[in-house]
Amino acid sequence: MKYSGYAYIKTIGCQMNVYDSEKLAAILNSYGYEKTIDMDKADIVVCNTCSIRHKAEEKAFSFLGRFAKIKKKKPHLITVMAGCVAQQEGEKAFARVPHLDIVLGTQAFSRFGPIIDAIKSGKKKIVDIKNSAMIYEALPDTSCFEENKISKFVTIMQGCDNFCTYCVVPHVRGRERSRLPAAIIEEITLLAAAGVKEVTLLGQNVNSYGQKEAQISFPKLLAAVNDIAGIHRIRFATSHPKDLSSDLIYAIRDLDKVCSHLHLPVQSGSNKILKKMNRGYTREKYIDRILKLRKECPDIALSTDIIVGFPSETWEDFKDTMNLLREIEFDSIFAFAYSDRSSAPAARFSDQIDEDEKKERLNNLLELQEYYTGKKNKQQIGKILDVLVEGKSGKLRDGFDHVQKSMEQMVGRTQSNKIVHFPSKDVIIGDIIKIRIENAYPHSLWGHPQGA
Ligand code: 5AD
Ligand code: SF4
């Protein structure tokens, strides 16, 4: 059916949710709902939720809670909880959010349209958390894109079979399933035709892409994407250390569009904790992979995820993690305090760590990493780097006061995923230009276009 009105979509969580929200926007668009960024205008509100940590889950409930009052004044407003919390809570979501109309699980996207029809024709409170063997396939609707049309996420697989003991993903996103290579290539070709220059291929463990389905391997998929005209940069996330193959390392080394950056979540530097997390590798094996990677790709930037305060983590275990940061010198890290998830087995492990203790470990870790991020950024000073121009930058850098008023402060990213601010008056968003790096800040670089 076709309706008319506005859709407001709130996205919480990871890059995959950003991608999924665009798919939801496209479905709503095809049902006549135009996307709006003005919540007050909305006739349908979708909260695409994340349950990876307690805080993200609370954010979803508190966002949706705000609509109790609004719905009283605007009874036709449809409220939807989509994504991981929806999948996890199912029917129970109505108890916490009584004014909620639809609970749309992670594998229910293909049924979203008919569900809206049912609500419109008077049905109340619909839950769909059924599994689907196939991933929802629909070509992107470029009219629903967020402002950034230069860089896009493309989900290549869903779910996870690894069952790390702290993680909800296998429980809310289901078993691992890969999309067909032809569908991925068609989608990226369409993105390129719409002006997209950079794609980030997404999966919980991209290294095992296509293995179950006996399709092409991930390095081969990268090679096929590398051949798509108009795409200049390829990124991917996330790699699992236990499956980081030498073929993938060679693909990063040899394929010109694949960026020299790898996000390789280590989670902990302690073998005891890695074992309890069911990660499938040791600290030594992780370091061995990094050494191989650095041998083949000496300039590669590295980032990682770390969880502190996993059940039974002692100060000794934590120190192993601190020492791993010193040993590897990551360019950046994402660090989290362990958050108990009732569907994940670690919730039932003994020796849970006190919240204040977790906070202290997290602060220590972040403080240590700040030093290495700063060090890596300072190492860029004097280099001339290729920067993909993403747009005008909001916050002006100190150095900007000293340049002519006719300039704009622009922002872009290096291959290594470092943010660069620079003054210019004539660069085009989406171009890759050479920037001479002159200054380093804790989270970004500053420079001038070469020759300027
Ligand atoms: N608590 C804290 N952090 C978690 N992550 C996953 N599950 C949890 C949890 N229960 C982190 C991991 C993962 C990242 C996406 O989120 O570090 O790599
Ligand atoms: Fe979760 Fe582990 Fe799968 Fe990553 S690999 S999604 S941490 S179960």
Side-chain angles (χ1 to χ4, degrees), residues 12-20 49-59 83-85 87-88 106 153 155-178 200 202-209 211-212 218 236-244 262-270 273-281 285-286 289 302-313 318 321 324-325 330 332-349 352-355 357-359 361-362 365-366 369:
I12 299 170
C14 66
Q15 300 169 332
M16 216 171 255
N17 268 12
V18 174
Y19 175 84
D20 285 349
T49 61
C50 168
S51 61
I52 197 109
R53 283 172 290 277
H54 179 70
K55 232 195 215 155
E57 196 175 305
E58 283 308 304
K59 216 164 147 185
C84 294
V85 181
Q87 186 70 33
Q88 179 184 285
T106 52
F153 301 125
T155 291
I156 61 165
M157 57 206 295
Q158 280 189 352
C160 185
D161 287 350
N162 288 309
F163 292 94
C164 301
T165 53
Y166 51 80
C167 187
V168 288
V169 169
H171 310 279
V172 292
R173 293 243 181 207
R175 295 295 75 72
E176 187 180 289
R177 303 166 315 284
S178 294
T200 304
L202 299 178
Q204 301 300 338
N205 180 10
V206 291
N207 308 103
S208 56
Y209 169 80
Q211 274 174 19
K212 267 184 169 175
F218 184 60
F236 57 88
T238 295
S239 295
H240 196 303
K242 78 176 166 54
D243 299 320
L244 177 62
L262 187 71
H263 182 63
L264 197 65
V266 65
Q267 312 298 0
S268 170
S270 148
I273 297 296
L274 286 172
K275 194 150 193 253
K276 291 198 165 186
M277 288 176 164
N278 190 31
R279 289 292 288 173
Y281 55 86
K285 169 102 191 291
Y286 184 88
R289 290 284 77 191
L302 289 170
S303 55
T304 200
D305 289 346
I306 289 180
I307 297 176
V308 299
F310 186 78
S312 83
E313 183 191 71
F318 174 64
T321 303
L324 189 75
L325 295 200
F330 291 102
S332 59
I333 66 164
F334 299 88
F336 312 98
Y338 167 74
S339 170
D340 236 3
R341 311 284 56 219
S342 59
S343 52
R348 286 166 292 284
F349 287 4
Q352 298 279 336
I353 310 295
D354 178 77
E355 288 303 321
E357 180 69 36
K358 286 184 203 168
K359 251 186 225 149
R361 291 182 196 182
L362 188 62
L365 196 81
L366 291 173
Q369 180 55 33

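Since the structure is predicted, the reported quantities are computational estimates derived from the model, not experimental observations. Start at 1 and go down the list; that is how both ligands and their atoms are numbered.
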Could you list the atoms of ligand 1 found under 4.0 angstrom from a heavy atom of [X]?
X	result
Gln267	12 (C), 13 (C), 17 (O), 18 (O)
Arg341	10 (N)
Tyr338	1 (N), 2 (C)
Ser339	1 (N), 2 (C), 9 (C), 10 (N)

So which bit of [X] gets within less than 4.0 Å of ligand 1, heavy atoms only: side chain, backbone, both or neither?
X	answer
Phe336	side chain
Ile52	both
Ala344	neither

Note to self: Could you check whether any heavy atom of Arg173 sits closer than 4.0 Å to an atom of ligand 2, since that is the contact criterion I want to use?
What the structure shows: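 The answer is no: ligand 2 sits nowhere under 4.0 Å from a heavy atom of Arg173.
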Item checked: Donor-acceptor contact present, side-chain Arg53 to main-chain Tyr338, <3.5 Å ->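 Side chain of Arg53 to backbone of Tyr338: no pair is present.
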Item checked: Check: His171 ring centroid to Phe163 ring centroid under 6.0 Å ->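 Yes, the ring centres sit under 6.0 Å apart.
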So which protein heavy atom does [atom] come closest to, and at what separation?
atom	result
atom 8 (S) of ligand 2	Cys164 N, 3.3 Å
atom 6 (S) of ligand 2	Gln204 OE1, 3.3 Å
atom 7 (S) of ligand 2	Tyr166 OH, 3.3 Å

Margin query: If I take every N, O or S atom of Cys160, is at least one of them less than 2.8 Å from atom 3 (Fe) of ligand 2?
Written below: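 Looking at Cys160, which is the residue asked about, there is an N, O or S atom under 2.8 Å from atom 3 (Fe) of ligand 2.
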Next item on the list: Using a strict cut-off of 4.0 Å, indicate which atoms of ligand 2 neighbour a heavy atom of Pro170.
Entry: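 Contacts of ligand 2 toward Pro170, numbered from 1: 8 (S).
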Notebook entry, point to check: Is the number of heavy atoms from other residues, nucleotides or ligands within 6.0 Å of NZ (Lys359) greater than 12?
Noted result: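 No, because the 6.0 Å sphere around NZ of Lys359 holds 12 heavy atoms or fewer from other groups.
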